[in-house]
Amino acid sequence: MRWRDWYADEGLAGLEDRPRSGGPPAYGPEVRLRIVATATSARHTPTTAGRTG
């Protein structure tokens with residue numbers, strides 16, 4: 001397993017996140033925090049899709 005080799009070679013430092021391929025995040029940390037705050041606020045209510053009456 002890859003992570004075992006990293007640990008054997010580098011100790012705990014070998015288990016830290018490594019750079020990944022792909023583009024940068026589409027939204028910065030401030031926008032992401034606002035999205036999470038909005039989604040978890042008390043004013044947020046689940047959708048009523050599928051309900052009748």
Side-chain angles (χ1 to χ4, degrees):
M1 291 190 144
R2 202 180 276 179
W3 64 269
R4 287 185 195 176
D5 295 333
W6 291 333
Y7 181 74
D9 293 342
E10 303 173 34
L12 288 176
L15 301 180
E16 292 180 9
D17 284 340
R18 298 177 186 269
R20 298 176 185 204
S21 62
Y27 303 103
E30 293 171 1
V31 174
R32 292 170 59 186
L33 285 175
R34 284 195 325 224
I35 292 169
V36 170
T38 301
T40 59
S41 71
R43 295 181 313 190
H44 176 77
T45 57
T47 62
T48 57
R51 290 178 128 183
T52 58

**Student:** I'd like to check the side chain to side chain contact (heavy atoms under 4.5 Å, CB included) partners of Leu33; sequence neighbours left out, ordered by chain and number.
**Tutor:** none
**Student:** Which residue pairs pass the side-chain hydrogen bond (donor to acceptor under 3.5 Å, both in side chains) test with at least one member in residues 23-35, sequence neighbours excluded?
**Tutor:** none
**Student:** To check you understand the geometry: which heavy-atom pair defines the closest contact between Leu15 and Trp3, and what is its length?
**Tutor:**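 In terms of heavy atoms, the two residues are closest at CD2-O, 3.7 Å.
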**Student:** Which residue pairs pass the salt bridge (Lys or Arg N to Asp or Glu O under 4.0 Å) test when at least one of the two sits in residues 4-15, sequence neighbours left out?
**Tutor:**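 Listed by first then second residue: Glu10-Arg18.
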